Amino acid sequence: MNRPYGTAVAAMALAVAGLTAPATAAAPVAGPDATFLKMIHQGNLDEIAASMDAQKHTTSACVKQVADMFVRDHTKFDVQVVALAHSKGIILPSTTSAAQQKQLTMLKSLHGKRDYDRVWLQGQDTSHRQALALIDKEASSGKVAKIRAAAQAVRPTVAKHLEAVSGGTCHTGKG
């Protein structure tokens, strides 16, 4: 499920950015900066998939509104991540991690059940806390200026997302 979507996002990112393979390719970025982009990309794919699932299966207007925001924002950010990774010679994973896939499968098993919204919100709280920790680390100690700047730029959006699901409770109406 994530592979076609991830591929479409990657293709769109390259088209939007107008990026092609450089004539003289510099050495690809490696180490913590590359790991950050790979993990954030997988996080974006996961957030998009889980939020699209919530859009269809929630019973809460609040969760639907938050899921809509997450799909919009994570899709936009992932286009930037894919373009940045491409420009730095970093090959991104095409799917979410095994743990993320397992979590989504578990969430899908709750379709039509009372616990669906609670489990989705708790998962979003956890994943956004983890994303903020990655972002803060990259923003403070990243070695590649453009990747560090991307982390700094996205932090307010991810913090806003965390506020919307803080404590596993849905909060909207804050913009």
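Scope of the values below: all heavy atoms of this structure, side chains included, with no hydrogens, waters or symmetry mates. Computed from a predicted model, the values in this text were never measured in an experiment.
- Considering every non-hydrogen atom in both Gly142 and Asp33, the closest pair reads CA-OD1, 3.3 Å.
- Within the structure, ring-ring contact (aromatic ring centres under 6.0 Å, His included) pairs that include any residue of residues 136-161 comprise Phe70-His161, His74-His161, His128-His161 (at least two apart or interchain).
- Once rounded to the nearest 0.5 Å, the distance linking OG of Ser166 with CG of Leu121 reads 10.5 Å.
- In this structure, Thr58 and Trp120 have side chains that are not in contact, with every pair of non-hydrogen atoms separated by 4.5 Å or more.
- The two residues Val66 and Ala164 make their nearest non-hydrogen contact at CG2-CB, 4.0 Å.
- Shown here are the ring-ring contact (aromatic ring centres under 6.0 Å, His included) partners of Tyr116, two or more places apart in sequence or in another chain: His111.
- Using a 4.0 Å cut-off between charged nitrogen and carboxylate oxygen, Arg72 and Asp68 do not count as a salt-bridge pair.
- Expressed to the nearest 0.5 Å, how far CG of Leu110 lies from OG1 of Thr105 amounts to 11.5 Å.
- Residues in residues 143-159 take part in these side-chain hydrogen bond (donor to acceptor under 3.5 Å, both in side chains) pairs, two or more places apart or across chains: Asp136-Arg155.
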Can you list the steps and then say if Met106 with Val119 is a side-chain contact (heavy atoms from CB on, under 4.5 Å)? CA-CA 9 Å; Met106 189 276 300; Val119 170; 3.5 Å; yes

For side-chain contact (heavy atoms from CB on, under 4.5 Å), just list the numbers for Leu104 and Thr96, CA-CA rounded to whole Å, side-chain angles, deciding distance to a tenth of an Å, and then say yes or no. CA-CA 10 Å; Leu104 183 58; Thr96 57; over 6 Å; no

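- With a 4.5 Å cut-off on side-chain heavy atoms, Leu84 and Ile90 do not count as touching.
- Put simply, CZ on Arg118 and CD on Gln122 are 5.0 Å apart, with the number rounded to the nearest 0.5 Å.
- The two atoms that bring Ala54 and Ala67 nearest to each other are CB-CB, 3.9 Å, heavy atoms only.
- Going from atom OG1 of Thr126 over to atom CD of Gln124 covers 9.0 Å, rounded to the nearest 0.5 Å.
- One finds the CD atom of Glu47 at 11.0 Å from the CG atom of Asp78 (value rounded to the nearest 0.5 Å).
- By the side chain to side chain donor-acceptor pair (under 3.5 Å) test, Ser97 pairs with Gln100, sequence neighbours left out.
- By the 4.5 Å heavy-atom criterion applied to side chains, Gln42 and Asp46 are not counted as neighbours.
- Rounding to the nearest 0.5 angstrom, the gap separating the CG atom in Asp115 from the OG atom in Ser109 is 10.0 Å.
- Closest heavy-atom contact between Phe36 and Ile147: CD2-CG2, 3.7 Å.
- Every residue meeting the side chain to side chain donor-acceptor pair (under 3.5 Å) condition with Thr59, not counting sequence neighbours, appears here in chain and number order: Asp117.
- Listed by chain and residue number, nothing satisfies the side chain to side chain donor-acceptor pair (under 3.5 Å) test with Gln130 (two or more places apart in sequence, or in another chain).
- With sequence neighbours excluded, no residue forms a salt bridge (charged side-chain N to carboxylate O under 4.0 Å, His left out) with Lys38.
- In terms of heavy-atom proximity, Ala151 sits nearest to Ala139 at CB-N, 4.0 Å.
- Counting only residues at least two apart or on different chains, no disulfide bond (SG atoms under 2.5 Å apart) pair has a member in residues 90-132.
- The stretch residues 95-143 participates, sequence neighbours left out, in no disulfide bond (SG atoms under 2.5 Å apart) pair at all.
- Scored by the side chain to side chain donor-acceptor pair (under 3.5 Å) test, Glu138 finds no partners at all (sequence neighbours excluded).
- Among pairs with a residue in residues 63-170, those fulfilling disulfide bond (SG atoms under 2.5 Å apart) read Cys62-Cys170, at least two apart in sequence or across chains.
- The backbone N or O of Lys108 lies less than 3.5 Å from no partner atom in the side chain of His57, so there is not a single donor-acceptor pair.
- Pairs of residues two or more places apart, or lying in two chains, never qualify as disulfide bond (SG atoms under 2.5 Å apart) while including a residue from residues 92-162.
- Distance alone, capped at 3.5 Å, places no donor-acceptor pair between the Glu163 side chain and the His171 backbone.
- A side chain to side chain contact (heavy atoms under 4.5 Å, CB included) with Val82 is found for one member of Leu37, Asn44, Leu92 and no other, namely Leu92.
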